[in-house]
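Reminder, nothing fancy here: chain letters follow the sequence lines and each chain counts from 1.
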2 protein chains.
Amino acid sequence: MPEQNASQSILDAAERIFALHGFEGASMRQISVEAGVAQALLHYHFGTKEKLYEAMFSRRSDAINTERAARLDVLFAAGGEQLPSLASLLEALFRPTVEFGHEGQAGNMFSRVLAATANADDERSRALIATHYDAIAQRFIDAFQRVVPGLKPSDAVWSYMFAIGVGMTMMAATGRAGRLSGGVCNDSDVDAVMARIVPFISAGIEALTSHSST
Amino acid sequence: MPEQNASQSILDAAERIFALHGFEGASMRQISVEAGVAQALLHYHFGTKEKLYEAMFSRRSDAINTERAARLDVLFAAGGEQLPSLASLLEALFRPTVEFGHEGQAGNMFSRVLAATANADDERSRALIATHYDAIAQRFIDAFQRVVPGLKPSDAVWSYMFAIGVGMTMMAATGRAGRLSGGVCNDSDVDAVMARIVPFISAGIEALTSHSST
DNA sequence: GTCTATAGTTCGATAGAC
DNA sequence: GTCTATCGAACTATAGAC
């Protein structure tokens, strides 16, 4: 049981409460109770609820996208003669999120925050995704074009959007797959989902090279 | 400009306000202003905020899923000798949502509500999806197995989950595809998205018949 | 840095006139 | 059915002691 400072406790509590109830549904009171500190301390360290949310979001997404960038660097290392596989790109896209999203906590709380933020269309969500995810997204879109011959630039963008959509099944982890399969499928079983997501998306992207629309 | 009764005005306003701000972020006051009625009238007609949300959700989802069921009935009509194509199943899955989601209103407000509800993991969202979407989901899962030889039952469930995930790109319509493509891709252009979603998902599902995991 | 106490606002819901 | 008026609870944020 490591002693950690109040800021970290607050961020951990915020991650969990925001994941369970959303930005509007979560309250500063609830977060302060979960963190075991006075409510005023949240404002002392982070100013407003809005800025606490941004700090909570940045902490994990910066770690995730640093790792993603490092993996892309390795895959496209200078001097490497052959291109990486599409499957290895998808591993680099998804693994850091499912590995860095939880840290000691039960369940992957940040993935739920991310799924909700990516799908919302309010200004706060849009700005967070644009600031923290658009640059790395461009790198993956470029990578798709390099490893899939004949993939048009616009279809590389669609490929990325669809891939993220499929990955949402794993990130949101609503338990619906289990319900629909009578308990056979488990959307929290990362390895099982990855084993299906990767071939599914790979084949989907390849198929976009041959469709006829503009 | 058709005269409509207060209940319909309230549901229309609720759909729009809930789509823009979520359940917790929307207020009964805001909805009453948008509908042009007194706030007390919302409680007279629908009781609580919770029940208003459910009424708003049911109105569109019942219309959508009645249409989906009718399309499945036609595709698998008794006496029909040949099986429908996978592409035609995906049309039956997605078209009713994008066509019935808006009715006069600009933008497809209900699709945004649906995307948020499907991805959330609170009890209200889970119950609404289970009540209004699980039965028709089972019909699509069964249909996938019938038209794709060699698709295992559990992979048919994953196919459905992944298909819905891809469709979220269109339903959430956050504008991100446009941002990432410098304006070339438009996630509100239903025909353009459908032209790519259908081959993408079709190829993805076919690919699941040959992967080796259990 | 961390606390208690509270100011000031907004919320969902209801009472009661018409 | 529709309105005005309002209650009591919850919220974000701040003031000020230690």
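Atom P of nucleotide C:dA15 and atom CD of B:Gln39 are separated by 15 Å, given to the nearest angstrom. Rounded to whole Å, atom P of C:dA5 lies 18 Å from atom NE2 of A:His43. The separation between B:Ile31 atom CD1 and C:dA13 atom P is 11 Å, rounded to whole Å. Rounded to whole Å, atom P of C:dA13 lies 16 Å from atom NE2 of B:His45. Rounded to whole Å, atom C1' of C:dT9 lies 16 Å from atom CE of A:Met28. Taking atom CG of residue B:Leu41 and atom P of nucleotide C:dA15, one finds them 17 Å apart after rounding to whole Å. The distance from atom NZ of B:Lys49 to atom C1' of C:dT14 is 17 Å, rounded to the nearest whole Å.
Side-chain rings of A:Phe57 and A:Phe110 approach one another, their centers coming within less than 6.0 Å.
Residue whose closest nucleotide on DNA chain D sits further toward the 5' end, between A:Ala40 and A:Ser27: A:Ser27.
Once rounded to the nearest 0.5 Å, the distance linking CD of B:Glu67 with OG1 of B:Thr97 reads 10.0 Å. Interatomic distance, CG of B:Leu114 versus CE of B:Met109, reported as 14.0 Å (0.5 Å rounding).
The span of DNA chain D lying next to chain B, judged by atoms under 4.0 Å from heavy atoms, is bounded 5' to 3' by D:dG1 to D:dT4.
Taking the ring axis of B:Phe100 as reference, the NZ or CZ atom of B:Arg60 does not stay both within 45° of it and closer than 6.0 Å to the ring centre.
Considering only heavy atoms from C-beta on, B:Ser159 comes within 4.5 Å of B:Leu151 through its side chain.
Ring orientation note: the planes of B:Tyr160 and B:Phe144 are tilted relative to one another, at an angle of 30° to 60°.
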